[in-house]
Amino acid sequence: MSVPTSTTGAQPLVVRTRSALRAALEAPAPTAARAPAGAAPSGTQGTGPAGPDGHGEVHRATRAVVMTMGALHDGHLQLVRAARERVGPTGQVVVTVFVNPLQFGPGEDLDRYPRDLDADMALLAGLPEAAPGRPAVDLVFAPSVEEMYPGGDPIVRVTSGRIGTVLEGAFRPGHFDGVLTVVLKLLHLTRPDVAFYGEKDAQQLLAIRRMVADLNVDVEVVGVPIVRDDDGLALSSRNAYLSAQERADALTLSRALRAGAEAAAAGQGGAGAIEVASGMLNEHPGVVVDYLALVDPTTVDDLEPEYVGPALLLVAARVGSTRLIDNLAVDVAPPVTSTARPGGTQ
């Protein structure tokens, strides 16, 4: 999948400290950022459900944030596009670039995680301008570890609760606590109306949504669909680690998910979906599966054997030394010989 490589005349502002971020957020918007004739007002969506008066009023949003760990690819750029579309040409889009050590466990790839802020900035600057003279991304916050955690490792952290003990949480203890801690800090620092996250990290997205709801954080969380390469591989910064053979092996993940989804839709049930997907994964010795699970898409709870309805099929596997995750929405159809009803009741 191609990504922009050329830059526009308007460049995002890069800040590296909390004080500089605060000043940039409070500065007046550039006068060049005027909405084209006929554009929706700043911070509104063009369409939406009608309000009580029937005039289609929707939630206003004037600032959107996209949180990344850098090593940007078109999946990140799709988040930025969605953010810009949401806030309009005169709204503010903030991108954070921070490799968060709290979410890496012992032996994980913190030290070798790809970091290239110049390349990231080139990609962001290559996006179409929001308005003449105004970049698609207004502000990039790229702090150091010392800036984000000035007292060292924080004593007080956000706990992910039960969500952090299953699936990814079981294989990466403490991972989601680290994610939620930095996400909450960045939400406080950037003060957005709306925050965009990729649906590839499905469990992470669910954890963030629960944190926002449970702690009454005043922000709207929006999930953006997975962006895949032409061959079906879900885009990930870690794909850069893969050799040619490993990349070919990695394609098994998305193919297995599709096969499992087809089995579920054909009436083979959740067990059939897992059996089909697992069989494909096991055919490739270069793919070592951590987990393959069919879960409730809103809770990541296991489903009852007779369940019928929407579900989420998730996989995590190691290809060579690289750990990859992927997921696919699944519709579990009633067995062909059964009169099962939605929700798993008979």
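These numbers come from the heavy atoms of this one structure, side chains and all, not from hydrogens, waters or symmetry mates.
- The existence of a salt bridge linking R318 and E246 is excluded, since no basic side-chain nitrogen approaches an acidic carboxylate oxygen closer than 4.0 Å.
- Put simply, the residue from L167, N327, V166 that forms a side-chain contact (heavy atoms from CB on, under 4.5 Å) with V295 is L167.
- If you check the side chains of D249 and Q245, you find a donor sitting under 3.5 Å from an acceptor.
- A salt bridge links R247 with D229: the distance from a Lys NZ or Arg NE/NH1/NH2 to an Asp or Glu carboxylate oxygen falls below 4.0 Å.
- Proximity of M67 to H76: side-chain heavy atoms (C-beta onward) are nowhere separated by under 4.5 Å.
- Under a hydrophobic clustering in which Ile, Leu, Val, Met, Phe, Trp and Tyr are joined whenever their side-chain heavy atoms come within less than 4.5 Å, directly or via other members, L123 and V95 fall into the same cluster.
- In plain terms, the two heavy atoms of G270 and L294 that are nearest each other are CA-CD2, 3.4 Å.
- A side-chain hydrogen bond (donor to acceptor under 3.5 Å, both in side chains) with D138 holds for exactly one of Q92, R84, R63; it is R84.
- Between R172 and D177, no side-chain nitrogen of the basic residue sits less than 4.0 Å from a carboxylate oxygen of the acidic one, so the salt-bridge criterion is not met.
- Q268 meets the side-chain hydrogen bond (donor to acceptor under 3.5 Å, both in side chains) test with no other residue; sequence neighbours excluded.
- Using a 4.0 Å cut-off between charged nitrogen and carboxylate oxygen, E147 and R16 do not count as a salt-bridge pair.
- Applying the side chain to side chain donor-acceptor pair (under 3.5 Å) test to residues at least two apart or on different chains, the pairs with a partner in residues 93-103 are N100-Q103, N100-Y149.
- The shortest side-chain heavy-atom distance between L187 and P192 falls under the 4.5 Å cut-off.
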Which is it for Y307 and D296 under the side-chain hydrogen bond (donor to acceptor under 3.5 Å, both in side chains) test, yes or no, and what are the steps along the way?
-> CA-CA 10 Å; Y307 177 85; D296 185 307; 5.5 Å; no

Stepwise side chain to side chain contact (heavy atoms under 4.5 Å, CB included) check, V66 with V94 = CA-CA 6 Å; V66 174; V94 180; over 6 Å; no

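- Among residue pairs with one or both ends in residues 181-224, none qualify as ring pair (Phe, Tyr, Trp, His ring centres under 6.0 Å); sequence neighbours excluded.
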Any chance you could lay out the side chain to side chain contact (heavy atoms under 4.5 Å, CB included) test for F141 and F98, step after step, and finish with the verdict?
-> CA-CA 8 Å; F141 180 46; F98 178 63; over 6 Å; no

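- Each of R238, R228, R255 was evaluated against D326; a single residue qualifies, R228, per the salt bridge (Lys or Arg N to Asp or Glu O under 4.0 Å) test.
- Residue Q203 holds its CD atom at 11.0 Å from CG of L205, rounded to the nearest 0.5 Å.
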Derivation of the salt bridge (charged side-chain N to carboxylate O under 4.0 Å, His left out) call for E168 and R323 | CA-CA 11 Å; E168 279 296 286; R323 190 173 186 275; 2.7 Å; yes

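- Atom CG of D214 sits in a crowded spot, with more than 12 heavy atoms from other residues, nucleotides or ligands closer than 6.0 Å.
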